There are 2 protein chains.
Amino acid sequence: MPDFLDLHGSTNKVVRALAEAGMRRHGLHLGQNLLLAELWRQDGRTPGEIAAAVNVTTPTVVKMATRMTAAGLLTRRRDERDNRLVRLWLTDAGRALQGPVEAERRSLEQQLTADLSGAEREQLMQALAKVHRTATDLLGGPVEPTGH
Amino acid sequence: MPDFLDLHGSTNKVVRALAEAGMRRHGLHLGQNLLLAELWRQDGRTPGEIAAAVNVTTPTVVKMATRMTAAGLLTRRRDERDNRLVRLWLTDAGRALQGPVEAERRSLEQQLTADLSGAEREQLMQALAKVHRTATDLLGGPVEPTGH
DNA sequence: CTGAAATCGATAGTCGGCTAATGACTTGTC
DNA sequence: GACAAGTCATTAGCCGACTATCGATTTCAG
């Protein structure tokens with residue numbers, strides 16, 4: 001009888017493995033699709049912007065971008081006006097993945113929740129959202145007792 | 001409007017961070033408590049046994065055991081009868097953590113699900129179990145088309 | 001206009017996870 | 001009994017994520 005922590009963790013693990021397998025079919029690693037998704041939404045963003053958008057630290061994006069640049073999905077270019085900034089631009093290869101990867105993602109989503117009724121799915125999402133919020137509050141709260 | 005994949009992933013992330021913080025209060029990293037839990041249940045098990053029990057690969061356990069040995073929580077000793085085997089033994093420090101860590105874990109569990117009614121919690125667990133099962137089937141199925 | 005402060009990317013190092021390849025030791029078979 | 005096959009742990013190397021630090025650049029105050 002696993003408790004919630006174990007169940008959620010192990011579920012995440014297997015879901016993650018499934019997503020990883022799906023992305024690998026397109027030559028991607030898990031996580032890289034999130035970075036790409038941000039560039040599909042708007043090309044030429046900075047590592048910091050992307051990091052904030054996908055809720056990850058900047059070094060994570062930098063490392064990922066380095067690998068993806070080597071893989072020919074991205075190019076790095078410094079901003080003309082502000083030389084501290086680096087902007088990431090999609091290559092044709094990176095752009096070409098949008099359709100297939102988004103389809104793959106939808107397929108995964110659908111397969112995963114295939115065994116759930118509409119109501120079950122809805123309740124699951126709401127409960128997860130509640131837990132998410134609770135955990136976020138617990139994390140942020142104790143960190144800054146004095147607030148500002 | 002995040003889909004299930006995003007919601008589950010981000011929930012996992014924040015839950016994980018919370019658990020990490022809780023474990024760090026006892027000088028542990030997340031994951032190490034699982035290894036310890038196996039030894040608390042029965043001391044002197046092998047890396048392979050533990051890996052199977054916590055659903056992780058053997059190298060993961062080996063690395064973790066190396067760090068935990070350096071941290072003074074474990075000792076490594078080769079099996080007398082079968083010299084291929086290595087057995088992990090708790091030190092006093094490792095044994096002493098059982099009470100506090102288990103309490104911390106229960107506390108986390110309770111805090112996380114505090115906003116859920118009993119019914120909600122039950123439904124959440126069942127839905128997660130369904131997804132877990134579905135994902136596991138999807139992972140294992142396509143791998144071995146011919147079965148044996 | 002100059003120097004301090006803020007911003008931003010890159011690097012180093014840690015942890016958990018994985019796969020693939022090594023190496024040591026048992027076991028099983030002929 | 002010897003040699004092949006199987007079983008284990010270990011190592012190496014990759015990926016995602018984090019913190020801490022460094023370096024370069026811009027901005028802002030004086």
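Because the structure is a prediction, the values reported are computed rather than measured. Naming: A, B, ... by sequence-line order, numbering from 1 per chain.
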Just N and O in the side chain of [X]: are any of them under 4.0 Å from OP1 or OP2 of [N]?
X	N	value
B:Gln32	C:dG16	yes
B:Arg67	C:dC15	yes
A:Arg76	C:dA10	yes

Calculate the interatomic distance between [X] atom [atom1] and [N] atom [atom2]; express it in whole Å.
X	N	atom1	atom2	result
A:Arg81	C:dC8	CZ	C1'	16 Å
B:Asp79	C:dC25	CG	P	13 Å
A:Leu30	C:dT19	CG	C1'	16 Å
A:Arg87	C:dG9	CZ	P	9 Å
B:Asn55	C:dG16	CG	P	17 Å
A:Asn12	C:dG17	CG	P	11 Å
A:Leu85	C:dA6	CG	C1'	13 Å

Ion pair check, B:Glu20 and B:Arg25, cut-off under 4.0 Å:
no
Charged N to carboxylate O under 4.0 angstrom, A:Arg105 versus B:Asp3?
yes
Judged by atom type as modelled, is there a donor-acceptor pair below 3.5 Å linking the side chain of A:Arg45 to the main-chain atoms of A:Arg87?
no
Is B:Lys63 side chain donor-acceptor paired with the C:dG17 base, going by distance under 3.5 Å alone?
yes
Assess, by modelled atom type and distance only, whether the side chains of A:Thr69 and A:Thr66 contain a donor and an acceptor separated by less than 3.5 Å.
no
With sugar-phosphate meaning primed atoms plus P, OP1 and OP2, does [X] contact a base, only sugar-phosphate, or nothing at under 4.0 Å between heavy atoms?
X	answer
B:Val56	sugar-phosphate
B:Thr66	nothing
B:Gly48	sugar-phosphate

If you take all heavy atoms of A:Met23 and A:Glu104, which pair is closest and at what distance?
CE-CG, 4.1 Å
B:His132 versus B:Thr136, closest heavy-atom pair with distance
O-OG1, 2.7 Å
Pick the closest DNA chain C nucleotide for A:Lys13 and for A:Val62 by heavy atoms, then say which residue is nearer the 5' end.
A:Val62
Have a look at A:Leu36 and tell me which of A:Val101, A:Leu88, A:Leu74 forms a side-chain contact (heavy atoms from CB on, under 4.5 Å) with it.
A:Leu74
Taking the side chain of [X] as heavy atoms from C-beta outward, which of [options] is closest to it?
X	options	value
B:Asn83	C:dG17, C:dA6, C:dT26	C:dT26
B:Thr57	C:dT19, C:dT26, C:dC15	C:dT19
A:Pro59	C:dC8, C:dG16, C:dA10	C:dA10

Looking at A:Gln126, A:Lys130, A:Gln123, which hits side chain to side chain donor-acceptor pair (under 3.5 Å) with B:Glu120?
A:Lys130
Relative to the 5' end of DNA chain D, which residue comes earlier, A:Asp82 or A:Glu20, by the nucleotide with the nearest heavy atom?
A:Glu20
Ranking A:Arg16 and A:Arg78 by the position along DNA chain D of their nearest nucleotide, the one closer to 5' is A:Arg16
Using chain A heavy atoms and a threshold of under 4.0 Å, write down where along DNA chain D the contacts begin and end, 5' to 3'.
D:dC15 to D:dT26
